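One structure is given below, encoded as structure tokens.
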Number of protein chains: 2
Amino acid sequence: MTARGAEKPAGRRAGTAPQQAQPTSRREILDVAARCLRQRGYRATTLRDIAAMVGIKAGSVYYHFASKEEIVAAVMNDGVDNVFDAVTGALAALPAGATPRQRLEAAISAHLNALLAFSDYTSAGLKAFADAPEAVRQSAKPHRRRYEAVWMTLIEELAQAGATPPGVSAETLQLALLGMMNWSPEWYRPGRHSIERLAREFTSLFLRAS
Amino acid sequence: MTARGAEKPAGRRAGTAPQQAQPTSRREILDVAARCLRQRGYRATTLRDIAAMVGIKAGSVYYHFASKEEIVAAVMNDGVDNVFDAVTGALAALPAGATPRQRLEAAISAHLNALLAFSDYTSAGLKAFADAPEAVRQSAKPHRRRYEAVWMTLIEELAQAGATPPGVSAETLQLALLGMMNWSPEWYRPGRHSIERLAREFTSLFLRAS
DNA sequence: GTCTATATGAAGATAGAC
DNA sequence: GTCTATCTTCATATAGAC
């Protein structure tokens, strides 16, 4: 899995020079598309916009991709794989004897960071999914299922350790937790909220007093 | 505040008769627009679609409304006022000595019912808000603030009664709770989930063992 | 690889007849 | 109140020159 993220394309254009000479890469187009999709959603993101931001004309995009749907599907799927890597990586990096609280907080923190700070791809995928054509949504399904399984496994592990609140099913726990996090782009403001603090507080909600 | 909801327009067209004779009302157009906006979002909802579903031609819509934005703003604002009425009504209907759990569960239940079952307006407003033009979003602000204040008040009341989990600020509590609920249209399926059960389980997450 | 030019099809909105 | 007809704009996508 290669690098995917919110980083700007390599500094090909020196300073403010508006013209370019180097050829455009697929990744460069995807980076710009992810940023657009995140900000504006599926319908409001146009190939003209993307092309202009990359420094080429709209027609030239079709040298790299067969359709808008192909671009959106690539962004969405990279986005899900992105959080998947972030969350599984964070869990794997914990010491063997980590507490339920440490594991849940690490996973929540990784998810929030991908969504709110690191990856235009991840937030673009969330925002564009509902409006994307059926074919795009279908192609995203396996990626999403794989990611959801990570959370289901984690929650069941916590439940078996007796760490989750009583009277709430694992399924509801998962839906509530992901919903709480996935809605956060609607209200999160970088200067106003601290991701680490949010992760800590969100974690408290899903563990019985510990 | 007049009736607003997901009810189909009055049975003007007998049975399956495709044609109509009676004049179209503003409310009828808004009902159809709300349904469209809920299903397809702002950009994918066209005046042509709305007109066709109401039984008139696209141009005729402009007899009733000055623009698409005016329609969307009306739907969104009615939608917020809708949940506001539902939640404040549910709280007011409780007996004086209701417990924190009863009050929170009543509010959550009212919100979920508006969002998932009763009101196309409410869910349309949530779905279309992010993509709507700035002018529409601005007009929604006072309605949204008034509604959010209801939750802030309720949560602070619960916090003072010592019913909320320790170590989580009232602001985070509110953002987490509304996010959890507002994301539910993404996964809720009428046959598969029970709104009353969800309300009960969601409530448990936000109250310390009681 | 990128360009220009263009085909094709909507969309929102308006004018004026009925 | 609703229609038809149309203006204008902007979208995805294609063809072929450079």
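Chain A is the first sequence line, chain B the second, and so forth, proteins listed ahead of strands; every chain is numbered from 1. It should be emphasised that the depicted structure is a prediction, and the values quoted were computed from it without experimental measurement.
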Going by salt bridge (Lys or Arg N to Asp or Glu O under 4.0 Å), name the residues that satisfy it together with [X], two or more places apart in sequence or in a different chain.
X      : answer
B:R200 : none
A:E196 : none
B:R48  : none

Provide, to the nearest angstrom, the distance between the [atom1] atom belonging to [X] and the [atom2] atom belonging to [N].
X     : N      : atom1 : atom2 : result
B:K57 : D:dC3  : NZ    : C1'   : 9 Å
B:I56 : C:dC18 : CD1   : P     : 21 Å
A:R43 : C:dA10 : CZ    : P     : 12 Å
A:Q22 : C:dG1  : CD    : P     : 11 Å
B:R48 : D:dT9  : CZ    : C1'   : 12 Å

So, with a heavy-atom separation below 4.0 Å from DNA chain C, the residues of residues 125-133 of chain B are none

With B:K68 as the cation and B:Y62 as the aromatic partner, state whether NZ or CZ is under 6.0 Å from the six-membered ring centre and within 45° of the axis. no

Six-ring centre of A:F84, A:R144 cation under 6.0 angstrom, axis tolerance 45°: no

Between A:F65 and A:I50, is a side chain to side chain contact (heavy atoms under 4.5 Å, CB included) present by the stated rule, with each step listed? CA-CA 12 Å; A:F65 295 92; A:I50 295 171; over 6 Å; no

Please list, by residue number, the residues of residues 61-72 of chain B whose heavy atoms come closer than 4.0 Å to an atom of DNA chain D; answer none if no residue qualifies. B:Y63, B:H64

Check: A:S60 side chain, A:I56 main-chain N or O, donor-acceptor pair, under 3.5 Å: no

Summary of side chain to side chain donor-acceptor pair (under 3.5 Å) pairs that have at least one residue in residues 175-192 of chain B, sequence neighbours excluded: A:E171-B:R192, B:H111-B:N182

So, is B:T24 near the phosphate of D:dG1, with a side-chain N or O under 4.0 Å from OP1 or OP2? no

Considering just the side-chain nitrogens and oxygens of B:S60, establish if one lies under 4.0 Å of OP1 or OP2 belonging to D:dC3. yes

